Amino acid sequence: MSDNRGASKNYKDTVFLPTTTFPMRGGLPQKEPEIIARWKQLDLYKRLRQARKGREKFILHDGPPYANGNLHIGHALNKILKDVINRSQSMMGKDANYVPGWDCHGLPIEWKIEEQYRKKGKDKDEVPIEEFREECRVFAAHWMNVQSEEFQRLGVLGDWQNPYYTMKFESEAIIAAEIGKFLMQGSLYRGSKPVMWSPVEKTALAEAELEYSDHTSTTIFAKFKLVECPLKALIDNFIVIWTTTPWTIPGNRALAYNNEIDYVAIIINQVSENSIAQENQIIIVSEILLEDICSQCGIIKYDVKAKLKGYELKGSIAKHPMADAGYDYPVPLLNADYVTTEQGTGFVHIAPGHGPEDYQLAHLKYGIEVPHTVNEDGTLMEHLPVFSGFHVLRDNLKIAEIISEHKGLIGIGNLTHSYPHSWRSHAPVIYRNTAQWFISMESDGLRNYALSALKETSFYPSSGQRRLISMIENRPDWCLSRQRAWGVPIPVFVEKKSGKPLQDQSVVDRIIAIFKEEGCDAWFTSPPSRFLGENYDPDSYEKVNDIADVWFDSGSTHAFVLEQREDLHSPADLYLEGSDQHRGWFHSSLLESSGTRAKAPYKGVLTHGFVLDEQGRKMSKSLGNVIQPQKIIQQSGADILRLWVVSSDYYDDLRIGTEILKRQSDHYRRIRNTLRYLLGALDGFDALEPVSFDEMPELEKWVAARLFELDKKITEKVNIYDFHSIFTELHDFCNGDLSAFYFDIRKDMLYCDKLNNVSRRAALTMMDMCFKCLVAWIAPILCFTADEAWLAYTKNTDDSIHLREYQNIPSEWENSDLIRKWMNVRSIRSEVTTAIENARSESKIGGSLQASVNLSLKEEEKKLLLGIDLPALFITSEAKIVSDRALKTRVEIHLAAGEKCARCWKVLPEVKVNHGLCNRCEEVVLEKV
RNA sequence: AGGCGCGUAGCUCAGUUGGUUAGAGCGCACGACUGAUAAUCGUGAGGUCGGCAGUUCAAAUCUGCCCGUGCCUACCA
């Protein structure tokens, strides 16, 4: 080993290379479940509560997912974002206590149970309600368990042992109590509203229970004689409407026109043989539809008497076509934008009990009373003259003929069109006016309370505020009742005599107490006397059998979760859901809380977008582009999914797909390798003495300044939930500052300098700090990887990074001047690396250690580099400034003079003399031996 | 159909009150290293800023229209 070649053979053992047990590849799909098991063993959730005891609380109140199936990617996004926020608030030192919850009542679960019955050939109505409800309960409980496991697999930390759910007896009791508050206040009232109704099943149906198929309807052109009109000449002429539902004519209370439509008044001169239109009468219809109407009604000849715009009809009143047979009431003409000239006559007949738009226009806008005309079985009611007992689906031709006999029509026909049918019986359905319970937006100032509460709420992004405000401003009263089985009943008695709801707090309290003990099934199984007590005669009261809208359930979570649990508080600091919840949970929670407490249940509202596929299309089974979170976890790991969330702009819609996930894996590897390199370098550091800040080289002080700057940025961003930019900062730091710059420069020092050299120890001191900062910064995001890295660092299995807080950075590290200076240093460095690259492509040199750099600089550039170890900065064997008077920066690359040191691989003149080693390496090797 | 959003390189995103040749990272291509090695370093090529029109000395940025796309309503006589 005395000659050069021998010496160059192997100095690897004398070089201090990084060593770590933290593997380069994560193996996340296998490792993550182990980490979850470790957290369970540590009882991380409870430990964290203890660790943060007495600290300021941060309460992100969980919007309850619906317990009826496996998680989809939207759930994953939602819960991951919540977890990132909670963990980051915890890192800020707050007691971020997260209690997950579930929504259990409602239609979709009811369907599933009904479906099971159908398969067994049973009918839902034959099953006792308590039995049916019990099956719903079991079903919901099953899916709660499944989802709980799936959420935990995503890394979500929370009180999974003791979550909240709406079908818990205590929850049901408080939901009922909240309804009681509206009852006692007087804002709960019984009104009526048209709902989809199946005469076959004698029940109301939800939109989703309908299927559309062809149905042939009898159509009529009915005429309404004008009795009042601003255009006096038109009085006694006829407004003609077209409808596919003659049975709604007895329920007619108004007509609608559109201000912008052109109408004509024509005199009928001649009709065909079969026509029922009458010659010499003047009718008013849409101009554009005139020919169509004439051909359908057999009008052969006519003359146009007048033309008019819709708005000229303002204030007109007409007579019902059956006015002579007991339907003698005024029929006002109203403007409605939704009236079109696509078909019909340009006029729409309005039966406020038989269509949502009719109801909206006539009742809500003009206060016209809603008549009840149809019985549960679809027959017209007894009190209706002429038509009593006729069936709304079977007798339309008869009805049409009778109206025709009363000279009320100009045409009868039929039309086959797409029409809603019951999902269960496949029979056609109708809109029917039914009794419903409402919470008034006005009577107790609910709308105003809600609106002013919104003005005090922070929105992320801010556009959510306007969106919610405009919804609250425009919404009608809250229809609370559902004619359903699986939910919390509306616990109200109605006095039969007066039709008024019983308002007695002692009755309400009795109901609540019973619900708390037995659940709200008691409402259906107990006799009314049990609730009414001794002061009321059960025979005089009707028990309401409707259940509450499930949005009321989840809208009350602030009452039965935030207010009830000692470890939470209300209002919550944050509600966080998808943007669809403006209409949903944000909305119902706001109304419920504003109505009962005159304030919002939240201080802040964050909305995220929806998850789309890689092309920006929505995911659907038919497109086959559904991406399941379970699959991503299985293939790549939950940390990759979590990284995807923060790398996206989640305020907008997010895209996901194979390329996007591939990119996340790339980002992940970069961060992971940065941690790994730090862990490797820091191996054995605890045996060395750290170096004080003052003694550090400028490069280390620059790293310190960057850490200070990052810390400031990150804590700022954490407080406005902006994790996207945190991710960018962190990635760029790992990538650009550490890996490509700082680590690269310090490698020589770390590997080859004397073990306890001051500058080497200084570098390690700073790298130690880098690690501690970095692992804490990524912990809320890459919760598994951070935990694993921290364990590799401390080797203390009783600890977790998630119990810690963000690293405290000394304020003396702040140095924006230094950051600015080194930005300029790096731009000179960049010119050098470009020059080296050029030299390499000209085959002048190979690796950068073969290079010697000659710099011609401007004067200020020279000043910039003063005192900096240039060969180290450029990672070359030699570098010097040959001129400081240059007008333009020039970099010359030469082959470095000397031989390659067998240990550090630098090319130096001294090496030959030293038998293969440079002076520095010789010294280190001799000392070591 | 209406309300609210979104549309900048293959991907994810920056682009302050309109002001030089539109930026970053990844990916890609090429190269180096073989002591972070299924890693690391360097260099480079990628964009009619969805389209059209307008305001302006000047537009990714302001206005209008259109196209695409998402959420929420309404889909009716």
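Quick caveat, the model's predicted, so the values are computed rather than measured. So that the names make sense, note that chain A is the first sequence line, chain B the second, and so on, each numbered from 1.
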For atom [atom1], what is the distance between [N] and [M], given to the nearest Å?
{"N": "B/A39", "M": "B/C28", "atom1": "P", "result": "11 Å"}
{"N": "B/C49", "M": "B/U21", "atom1": "P", "result": "14 Å"}
{"N": "B/G23", "M": "B/U61", "atom1": "C1'", "result": "15 Å"}
{"N": "B/G15", "M": "B/A9", "atom1": "P", "result": "15 Å"}
{"N": "B/U69", "M": "B/A77", "atom1": "P", "result": "28 Å"}

When all nucleic acid strands are considered with a 4.0 Å heavy-atom cut-off, which category describes [X]: base, sugar-phosphate, or nothing?
{"X": "A/Phe347", "result": "nothing"}
{"X": "A/Thr728", "result": "nothing"}
{"X": "A/Gly355", "result": "nothing"}
{"X": "A/Asn673", "result": "base"}

Heavy-atom side-chain proximity of [X] to [Y] below 4.5 angstrom:
{"X": "A/Leu590", "Y": "A/Ile472", "result": "yes"}
{"X": "A/Leu606", "Y": "A/Phe459", "result": "no"}
{"X": "A/Lys747", "Y": "A/Tyr677", "result": "yes"}

What integer distance in Å separates [X]:[atom1] from [N]:[atom2]?
{"X": "A/Ile893", "N": "B/G31", "atom1": "CD1", "atom2": "C1'", "answer": "16 Å"}
{"X": "A/Leu643", "N": "B/G25", "atom1": "CG", "atom2": "C1'", "answer": "12 Å"}
{"X": "A/Leu289", "N": "B/A77", "atom1": "CG", "atom2": "C1'", "answer": "12 Å"}
{"X": "A/Leu750", "N": "B/A36", "atom1": "CG", "atom2": "P", "answer": "11 Å"}
{"X": "A/Asn252", "N": "B/A77", "atom1": "CG", "atom2": "P", "answer": "15 Å"}
{"X": "A/Gln296", "N": "B/A77", "atom1": "CD", "atom2": "P", "answer": "15 Å"}
{"X": "A/Gln360", "N": "B/A1", "atom1": "CD", "atom2": "P", "answer": "21 Å"}
{"X": "A/Trp247", "N": "B/A77", "atom1": "CH2", "atom2": "P", "answer": "11 Å"}

Review point. Pick the nucleotide of RNA chain B nearest each of A/His724 and A/Trp905; which residue has the one closer to the 5' end?
Key: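 Its nearest nucleotide being more 5', the pick is A/His724.
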Practice item. Find which nucleotide of RNA chain B each of A/Met24 and A/Asp748 is nearest to by heavy atoms, and output the residue with the more 5' nucleotide. Key: A/Asp748
Does a side-chain N or O from [X] land closer than 4.0 Å to OP1 or OP2 of [N], or not?
{"X": "A/Thr833", "N": "B/U43", "value": "yes"}
{"X": "A/Tyr751", "N": "B/A36", "value": "yes"}
{"X": "A/Arg903", "N": "B/G35", "value": "no"}
{"X": "A/Thr834", "N": "B/U43", "value": "yes"}

Tell me whether the centres of the aromatic rings in [X] and [Y] are closer together than 6.0 Å.
{"X": "A/His354", "Y": "A/Trp247", "result": "yes"}
{"X": "A/Tyr575", "Y": "A/Trp585", "result": "yes"}
{"X": "A/Tyr460", "Y": "A/Tyr721", "result": "yes"}
{"X": "A/Phe727", "Y": "A/His667", "result": "yes"}
{"X": "A/His608", "Y": "A/Tyr650", "result": "no"}
{"X": "A/Tyr793", "Y": "A/Phe771", "result": "yes"}
{"X": "A/Tyr263", "Y": "A/Phe347", "result": "yes"}

Point to revise | Donor-acceptor pair between A/Asn252 and A/His349 side chains, under 3.5 angstrom | key: yes
Check your understanding: Distance only, no hydrogens: is a donor on one side chain within 3.5 Å (strictly under) of an acceptor on the other, for A/Gln664 and A/Ser647?
Key ->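 There is such a pair between these side chains.
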Check your understanding: Which way is the base of B/G51 turned, syn or anti, if we draw the line at 90° from 0?
Key -> anti
Point to revise | Secondary-structure string, 5' to 3', Watson-Crick or G-U under 3.5 Å, | for another-strand partners, for RNA chain B | key: (((((((..((((.....[...)))).(((((.......))))).....(((((..]....))))))))))))....
Exercise for review: Return the nearest nucleotide to the side chain of A/Ile660; candidates are B/C41, B/C11, B/A77.
Suggested key: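 Per side-chain heavy atoms of A/Ile660, the pick is B/C11.
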Check your understanding: Near A/Ile288 CD1, under 6.0 Å, is it more than 12 heavy atoms from other residues, nucleotides or ligands?
Key -> no
Name the pairs: protein N/O against N/O of nucleotides 26-29 of chain B, kept only if under 3.5 Å.
unit_1 : atom_1 : unit_2   : atom_2 : d
B/C26  : OP1    : A/Asn735 : ND2    : 3.1
B/C26  : O2'    : A/Arg663 : NE     : 3.4
B/G27  : O4'    : A/Arg663 : NE     : 3.4

Check your understanding: Got a donor-acceptor pair under 3.5 Å from the side chain of A/Ser739 to the base of B/A36?
Key -> yes
Exercise for review: Do nucleotides 66-72 of chain B as a string where each nucleotide becomes B, S or -: B if the base has a protein heavy atom under 4.0 Å, S if just the sugar-phosphate does, - if no protein is that close.
Suggested key: ---SSBS
